[in-house]
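Only one structure is covered here, and it is reproduced in the block below.
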Amino acid sequence: MNCILCGKCLEVCPLLRATNREELSPRAKADLATLLKNGELPLSGEDVAGLTGLCLGCRRCRDKCPQGVDVPALVADLRAAHPDFRSWLWKTWLKRARELWPSSSLAAKLIPEKFQPERLAPFLKALALLEGGPHIVPFVNIRELPDHKGEAMLLFSGCTARYVQGHWRKTAEKLLSAMNIELRKDKFECCGIGLESAGFGADAGKMREKNVQTWRKAGKPKIVTLCVSCHKGLTGYSGCFKNPEEALQWTEALTPISELLFDGRYVLSENTPARVGYHRPCHAPKNDTDHTLLTAVLGERLRSHDGRECCGFGGIMQLGAPELCARVNARCRQSLEGAGVVLTGCSACAAQLTATAPEGIRVGHWLEILKTP
Amino acid sequence: MENLTPEQETFLADLFPSDALLLRPEQTAVFSTDASRLRAAPLAVVRPKNREQVAELLHWAHSERIPIYPRARGTGTVGNAVPAKPGIVISMLAMNRILDIDDRDFVAVVEPGVVTGDLQRTVSERNMFYPPDPASSGFSTVGGNVSTCAGGLRAVKYGVTRDYVLGLEAILPGGRALRSGGRAHKDVVGLDLTRLFVGSAGKLGVITELTLKLLPKPETTASVLAGFPDIRRAMDGAAAIFRAGMLPAALEFMDKATLTALDIAGTSPLPKEAQAALLVRVDGSEAVVNAETDRLQAALQKARPVHLMTGRDENEEALWDVRRGISPASFHLKPDKLGEDIAVPRGKVAEAVEGVHAIAAKYNLTIMCFGHLGDGNIHVNTMYNASWPEEADNAAMAKGEIFRLALSLGGSISGEHGTGLTKAAYVDLQLDADQQALMADIKRIFDPHGIMNPGKGW
Ligand SMILES: Cc1cc2nc3c(=O)[nH]c(=O)nc-3n(C[C@H](O)[C@H](O)[C@H](O)COP(=O)(O)OP(=O)(O)OC[C@H]3O[C@@H](n4cnc5c(N)ncnc54)[C@H](O)[C@@H]3O)c2cc1C
Ligand code: SF4
Ligand code: SF4
């Protein structure tokens, strides 16, 4: 569908809100993609890719657009058509997660001098903190968990929980086993969402294929996710199925871990902070089950801002325009002011908010607050 | 003038450092168009942060005779923000501070680039209310709303943007600052220069600050959706509401073509017998709203609706989703649309809608009528297929007839969107030569060289 320039997407773009630069808006990107395709203006593809590449990939505009215009996909196509060093770096970073992520110093070495590594300091700090910044001391006691005896499930830990934040994965595994779930070993690849937005659709496609295969081989059980961005990535697998029924089975199989925890009973311990902030990730679905669970568990103590702000992680955009990402991040932090602990359900948000948190503020995945059996 | 001279470019670069000046085609592309989808390339785009920069720019542009196009979020549908002649677009989005919200004076002082929805949210947190609510309030600005005198659903009870502008600061061509009005809710001294700016579509100067009136926030709301067998009965229902002495906070209607579109889209909760509908909202304290909802239902029953639904809280929003769904649903009828927003006296709405239906029949077109019944502002959407030449011609001819119909009923060719580029050719139908000459004289006093937003209709 074509962009009709209605401007509805302007309401949700965190980049426009933080910068007030209309040329960075989703409408500007959609318009430029059309102009370039139709050859209507003397535009250079490279310049258009450079400008439209200033996009956080949050996908909020896509969800808002009444015409079904997918701006982040247009951006990914432009990135794919005009790759540069940053794309290479990002791709390397995502594809070699196993070796690179646990060592940010190794990642730093990938960045040549001319790219002014000092500009990328916040990004590198986020990477470093992935290794394990100051963790949250758990404060929620679990009294009872629902019984899922006899149900087999697969855990989709996601790259962060697999390679650096092993304790998220361990917590998840313990919770699932306490629910008597028969857990199959996690043999999944990366969900592909980061590669796809950066313009590496083919690489992402291969990962998708493998993931669907893994699920088929396991007998198509439920897939439990920990990270809403992975979950979002997994929901975008439309082209990978044999038929619509299988596609539906896949969608129904995807289960955020928070959904499984709904029917548990939880008690707050004495060290529970008076104010706990919740950062709603851009990739959270409309029905944000993480938030519903946390509201039920924490009650009045949970302060949720209006969910409009993005953490500013931005994926590949961090490598090109860290200053702009920092402006988006500053608004987000402002909206979380006053909370001693900030929780979220997305690995990238957790990394970004940890790296930029003021002194004394603890940030983490909400799984960290649970005292596991 | 095709390009800026090197001297002009240097001047702009000095005044607007770094990313506050845009010259490259990929950067300026979006500033060449707006929601009208018309397009003309600007010579440059500048992004002031303060009034001093605007004043210096207007001083310079005045002496260089360079056209200036103020622009906010570019959501206008008639092309008012399109730089029709080569000139400089001023993006006002970086001037978006809320300077003061005062719950004793009940005023807000803001820069023009504030998004209307953000202002509404902020004052609401302080238990106050900024009523003007164009459907674009989430993504358009207060400055744009004032410059177009935007209206919305609440106009029937609360009026339009004009009714909330107490004062403003504007920079005029030459760089002079005009301050008019202020925080006092009443002021009758002198000609009302503030109002002159409301709806002036950037033709007099650049607004740099606004003082807006606020109201106490209504405690709650409730809504009723009623389906009727035909448009006359729906109008009887509306008349019964007013006759009962009620003034609803919103009173919308939908005709048969509109309900058909919603039905195809699967978003109409009404039964098939409903060929016209009213959507009504009341607001106030809990007790008042409860009582008013009962009275509203009783009044509507007099017109014998085929279906009646009442909604509070989430259910109320679901009723309004029906209204919000009209625009997307319209494309289920035909791929292209000519959207007009005629206004007629409240008592003439039924006649206007029937007149439009007759025009639709004459040209064999599908025309949807819906909108703000309470204030006589009717959205007339002619649905057609632009790739069929005959249908496209018919749609264009119908447009002229629709305007003549509105005028014959004592109305206006535009109640909200203005004339800009898309309706400039029809202004003569409504304004005679004397009126237009007087307006041109007034503009000349503010803008002797005609640099402010040239090429647009009154
Ligand atoms: C989906 C949709 C729904 C809409 N619904 C409504 C509705 O319900 N009611 C309604 O009235 N309109 C509606 N509109 C039209 C539009 O949103 C309004 O006209 C709005 O007021 C424009 O605001 P903007 O910030 O986008 O201004 P722009 O479109 O950027 O500018 C509008 C005009 O204001 C001038 N201007 C802007 N800022 C200044 C300034 N600081 N000083 C001087 N001049 C200035 C511009 O030159 C231009 O002439 C709708 C549009 C869309 C796309
Ligand atoms: S991308 Fe969609 S929402 Fe944004 S301006 Fe275009 S049509 Fe409207
Ligand atoms: S994906 Fe996010 S940052 Fe990118 S244009 Fe859309 S809303 Fe803006």
Side-chain angles (χ1 to χ4, degrees), chain A residues 1-13 15-36 38-54 60-61 64-68 78 82 305-306 308 321 323-324 327 331 335, chain B residues 18-20 22 24-39 41 45 47-49 71-77 79 81-82 89 91-97 111 113-118 121 125 135-141 144 324-325 327-331 335-337:
Chain A
M1 278 291 232
N2 277 341
C3 170
I4 54 165
L5 301 174
C6 68
K8 288 187 178 163
C9 53
L10 304 179
E11 182 169 358
V12 295
C13 177
L15 185 60
L16 174 64
R17 196 171 318 119
T19 60
N20 298 312
R21 288 171 58 180
E22 199 188 332
E23 69 275 23
L24 303 183
S25 69
R27 177 172 64 177
K29 293 174 166 80
D31 187 41
L32 272 177
T34 313
L35 291 173
L36 186 67
N38 299 347
E40 282 172 35
L41 279 182
L43 289 168
S44 117
E46 211 160 350
D47 293 341
V48 169
L51 184 64
T52 52
L54 299 175
R60 287 175 188 255
C61 51
K64 188 78 188 177
C65 176
Q67 294 291 105
L78 284 160
H82 302 277
H305 62 82
D306 55 19
R308 300 170 82 210
E323 308 81 1
L324 294 179
R327 281 164 74 177
R331 282 189 71 97
S335 73
Chain B
S18 168
D19 63 32
L22 307 177
R24 304 182 53 81
E26 71 276 9
Q27 294 172 325
T28 59
V30 76
F31 299 91
S32 64
T33 188
D34 66 6
S36 70
R37 297 158 81 181
L38 297 171
R39 188 180 287 276
V45 177
R47 199 159 21 220
K49 284 207 172 84
R71 174 189 180 91
R73 285 285 189 104
T75 68
T77 57
V82 174
V89 170
S91 169
M92 300 303 291
L93 300 192
M95 289 183 68
N96 66 342
R97 287 176 304 163
E111 291 184 330
V114 172
V115 173
T116 309
D118 290 345
R121 231 187 321 272
E125 282 162 13
S136 55
S137 61
F139 51 99
S140 66
T141 68
R324 286 186 272 267
S327 199
S330 63
F331 294 102
D336 299 288
K337 168 155 83 180

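Computed over heavy atoms, backbone and side chain alike; hydrogens, waters and symmetry mates excluded. Being a predicted model, the structure only gives us computed values, none of them experimental. Per chain, numbering begins at 1; letters A, B, ... match sequence-line order.
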How many angstroms lie between [atom1] in [X] and [atom2] in [Y], if you round to the nearest 0.5 Å?
X: A/Lys29; Y: A/Cys9; atom1: NZ; atom2: SG; answer: 9.5 Å
X: B/Asp336; Y: B/Ser330; atom1: CG; atom2: OG; answer: 10.5 Å
X: A/Glu22; Y: B/Arg73; atom1: CD; atom2: CZ; answer: 7.5 Å
X: B/Ser137; Y: B/Arg121; atom1: OG; atom2: CZ; answer: 9.0 Å
X: A/Cys61; Y: A/Leu15; atom1: SG; atom2: CG; answer: 10.5 Å
X: A/Leu78; Y: A/Leu36; atom1: CG; atom2: CG; answer: 6.5 Å

If I measure from the heavy atoms of chain B, does [X] come under 4.5 Å with its side chain, its backbone, both, or neither?
X: A/Leu10; result: both
X: A/Arg308; result: side chain
X: A/Ile4; result: both

Test salt bridge (charged side-chain N to carboxylate O under 4.0 Å, His left out) on A/Glu23 and B/Arg47 and set out the steps. CA-CA 11 Å; A/Glu23 69 275 23; B/Arg47 199 159 21 220; 2.8 Å; yes
Full working for salt bridge (charged side-chain N to carboxylate O under 4.0 Å, His left out) between A/Glu11 and A/Arg60: CA-CA 9 Å; A/Glu11 182 169 358; A/Arg60 287 175 188 255; over 6 Å; no
Side chain from CB out, backbone as N, CA, C, O: work out which of these in B/Ala72 comes under 4.5 Å of a heavy atom of chain A, or both, or neither.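 Only the backbone of B/Ala72 comes within 4.5 Å of chain A.
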For B/Asp118, is it the side chain, the backbone, both, or neither that has a heavy atom closer than 4.5 Å to a heavy atom of chain A? side chain
Partner chain A: residue of B/Arg24, B/Gln27, B/Arg39 with the largest heavy-atom pair count (under 4.5 Å):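 That would be B/Arg39.
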More than 12 non-hydrogen atoms from neighbouring residues, nucleotides or ligands closer than 6.0 Å to NZ on B/Lys49, yes or no?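 Check fails, neighbour count at 12 or below.
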Which of residues 40-50 of chain A have a heavy atom under 4.5 Å from any heavy atom of chain B?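 Listed by number, the contacting residues are A/Leu41, A/Pro42, A/Leu43, A/Asp47, A/Val48.
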